[in-house]
Visitor: 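Below you will find the structure I want to go over with you.
Every chain is numbered from 1 and lettered A, B, ... according to where its sequence line falls, protein lines coming before strand lines. Just the heavy atoms: all of them, side chains too, but no hydrogens, waters or symmetry mates, feed the values below.
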There are 2 protein chains.
Amino acid sequence: MIIDAAERLVAQGGTAAANAREIAAAIGYTPGTIYNHFANLDDLIRHVTARTVDGLATALSSVSETDPVRQLHAMADAYIAFTTKNRRLWAAAFEPLAKASATREAWYRATLERPLALLQDALKPLDPGASEEERRVAALSTWGALHGVVTLVEGDGRIGRLDAAPAPEMVHFLIDCVIAGLAARRKSARRNGRS
Amino acid sequence: MIIDAAERLVAQGGTAAANAREIAAAIGYTPGTIYNHFANLDDLIRHVTARTVDGLATALSSVSETDPVRQLHAMADAYIAFTTKNRRLWAAAFEPLAKASATREAWYRATLERPLALLQDALKPLDPGASEEERRVAALSTWGALHGVVTLVEGDGRIGRLDAAPAPEMVHFLIDCVIAGLAARRKSARRNGRS
DNA sequence: GACGATATTGAACACCGTTCAATAATGGTG
DNA sequence: CACCATTATTGAACGGTGTTCAATATCGTC
């Protein structure tokens, strides 16, 4: 319930709008109550972020193309669609923590792993020879690439809104690059006498 | 002089440590003075960020390998080295603005363009047939990819510090992907009967 | 030395996250 | 039902923040 209210406020006005007094007012309580259920505001917003990440994972998992290349591109589109639709929620996920919050709790790490696992699965058919470790690196690199482009093109930090092509086009370019990169790796691995 | 002090404080303790009273104390003035020279704190930190971006551009421009592929990888290394060495300054560049600051002034946009232009030049030999526009997209995508990986692996926001290979390895993987992607594009362009 | 322009001040304002003793509501037990 | 222990909620307070602005000090120039 508290998380609901916080989520709504962040979605509307960013973390700045989701202050203790506003959240409390939104649910008819007083600020003190929040601190009986969460260690601090960062902790609360982290729960909001967990939901957001879960939402991304759901959005990504609802993509199901048969062709691996199409699948990857469709996931990239879903990623862009989700992050632009939930702009402020997504931005909140990357804001600095005032106090080092407990971002290492098992349940929270597991949440962050979900979208990563989906990406990893999608990459599998494109690089069948790779180890789990290699695939994880590829998946994280790909996620990072998507994230970075969105930040640079759509983000409104001190660096951001750099003039360029629309984000989807750039992201598709990068996806094609990753596909080409994986293909090149397979080829060179075969040349060096691997399985 | 104000910028100097702010830069030092951000480098040491992040933007949280660079508050008006601390900055003023560091230079022997009072908070009010800062507001005679800058519209607000965001504006001041933006000047700090401009310096940081300039520093990155300088770091990137000092890379000069003869082989284009080596050049790109060396630039990626320089990027990682710079952003990890100046962790807090770099993080400040992507923090949200409290009040929509004037991030669109010409001199500021020009500063942001500097590292991008260097990347664009480095990409030139790898995709000689591309238009300026295409190259800009490629450069921005590449920057985004680097940025995203660093954020995911080294960032300490609510999403960040995801377990993976060290950032340099992942970044080199991505650079190889971009190179492969550009090569693939050249090939397909030639196949389709281009110059 | 006097005067206008400029720079600096410091106290105040509104707001923030957070704490905690006091208070209210709750629920199980005889 | 009455009782009490447990739990939840409160609201006032504290120290901190960015920011403003009339009053003050400093400076350059004639």
Side-chain angles (χ1 to χ4, degrees), chain A residues 1-50 88-89 91-103 105 108 156-158, chain B residues 1-50 88-89 91-103 105 108 156-158:
Chain A
M1 176 177 176
I2 297 179
I3 300 175
D4 278 342
E7 186 177 29
R8 214 176 318 125
L9 287 170
V10 172
Q12 282 170 13
T15 49
N19 51 5
R21 286 165 180 86
E22 287 269 3
I23 297 169
I27 55 174
Y29 286 75
T30 51
T33 302
I34 296 171
Y35 290 86
N36 294 356
H37 299 273
F38 298 93
N40 49 45
L41 271 195
D42 270 350
D43 188 37
L44 168 56
I45 305 296
R46 189 166 53 94
H47 281 77
V48 173
T49 293
R88 293 177 200 273
L89 283 169
F94 292 94
E95 282 176 17
L97 289 329
K99 290 173 181 171
S101 191
T103 55
E105 292 172 54
Y108 186 72
D156 42 356
R158 271 171 277 263
Chain B
M1 175 177 177
I2 296 180
I3 300 176
D4 278 341
E7 186 177 30
R8 215 175 318 123
L9 285 170
V10 172
Q12 284 168 13
T15 49
N19 50 5
R21 286 163 179 87
E22 286 268 4
I23 297 169
I27 55 175
Y29 286 76
T30 53
T33 302
I34 297 172
Y35 291 86
N36 294 0
H37 300 273
F38 298 92
N40 49 43
L41 270 196
D42 269 350
D43 187 37
L44 168 55
I45 305 297
R46 188 167 53 92
H47 280 77
V48 173
T49 291
R88 295 177 198 275
L89 283 169
F94 292 94
E95 280 177 17
L97 288 331
K99 291 172 180 169
S101 191
T103 55
E105 292 172 53
Y108 186 71
D156 42 356
R158 269 171 279 265

Visitor: Whole Å only: how far is the CZ atom of F38(B) from the P atom of dT20(D)?
Guide: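 So the CZ-P distance, F38(B) to dT20(D), works out to 15 Å.
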Visitor: Write down the distance between CG (L41(B)) and P (dT17(D)), rounded to a whole number of angstrom.
Guide: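 L41(B) atom CG is separated from dT17(D) atom P by 11 Å.
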Visitor: T30(B) has a side chain; which of dT9(C), dT17(D), dT18(C) sits nearest to it?
Guide: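 The nucleotide sitting nearest to the side chain is dT9(C).
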Visitor: Could you give the NE2-to-C1' distance, from H37(A) to dT7(D), as a whole number of Å?
Guide: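 So the two atoms are 10 Å apart, to the nearest Å.
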Visitor: Closest nucleotide of DNA chain C for A16(A) versus for G32(A): which of these residues is on the 5' side?
Guide: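 The residue whose closest nucleotide sits nearer the 5' end is A16(A).
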Visitor: Where the side chain of R88(A) meets the backbone of V10(A), is there a donor-acceptor pair that is under 3.5 Å apart?
Guide: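 Not confirmed, R88(A) side chain does not pair with V10(A) backbone.
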Visitor: What nucleotide among dT9(C), dT17(D), dT19(D) has an atom nearest to a side-chain atom of P31(B)?
Guide: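 Selected nucleotide (nearest to the side chain): dT19(D).
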Visitor: Nearest whole angstrom, please: distance from the C1' of dT18(C) to the CG of L44(A).
Guide: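 Those two atoms, CG and C1', are 14 Å apart.
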Visitor: Does any donor-acceptor pair link the side chain of R21(A) with the base of dG17(C) at a separation under 3.5 Å?
Guide: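 Flag set: donor-acceptor pair detected.
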Visitor: Taking for each residue the nucleotide of DNA chain C bearing the nearest heavy atom, is the 5' side occupied by E22(A) or by T33(B)?
Guide: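 It is T33(B) whose nearest nucleotide is closer to the 5' end.
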Visitor: Whole-Å distance between dA8(D) C1' and I27(A) CD1?
Guide: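 It is 13 Å, rounded to the nearest whole Å.
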Visitor: Rounding to a whole Å, what distance do you find between Y29(A):OH and dT7(D):C1'?
Guide: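 Going from OH in Y29(A) over to C1' in dT7(D) covers 13 Å.
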Visitor: Counting only side-chain heavy atoms from C-beta out, which of dT9(C), dT19(D), dG17(C) sits nearest to A20(A)?
Guide: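 Selected nucleotide: dG17(C).
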Visitor: Quick check: closest heavy atoms across A20(A) and L41(A), and the distance to 0.1 Å?
Guide: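 Looks like N-CD1, 3.7 Å.
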Visitor: Starting from P on dT17(D), measure out to CG on L9(B) and report it in whole angstrom.
Guide: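 Whole-Å distance recorded here is 12 Å.
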Visitor: So which heavy atom on A92(B) is nearest to which on R158(A), and how close?
Guide: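 Smallest interatomic distance, heavy atoms only, reads O-NE, 3.0 Å.
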Visitor: Please give, in whole Å, the distance from dG18(D) P to R46(B) CZ?
Guide: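 Rounded to the whole Å, the gap is 17 Å.
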Visitor: What nucleotide among dT17(D), dT9(C), dT10(D) has an atom nearest to a side-chain atom of N19(B)?
Guide: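 Closest of the options to the side chain of N19(B): dT17(D).
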Visitor: For dT19(D) and Y35(B) - does any side-chain N or O of the residue sit under 4.0 Å from the phosphate oxygens OP1/OP2?
Guide: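 True: Y35(B) side-chain N/O within range (under 4.0 Å) of dT19(D) OP1/OP2.
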Visitor: Locate the shortest heavy-atom distance separating A5(B) from I27(B); write the atom from each residue and the value.
Guide: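 Looking at all heavy atoms of both residues, the shortest contact is CB-CG2, 3.4 Å.
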Visitor: For L44(B) and I23(B), what are the C-alpha separation, side-chain angles and deciding distance, and is it a side-chain contact (heavy atoms from CB on, under 4.5 Å)?
Guide: CA-CA 11 Å; L44(B) 168 55; I23(B) 297 169; 3.8 Å; yes
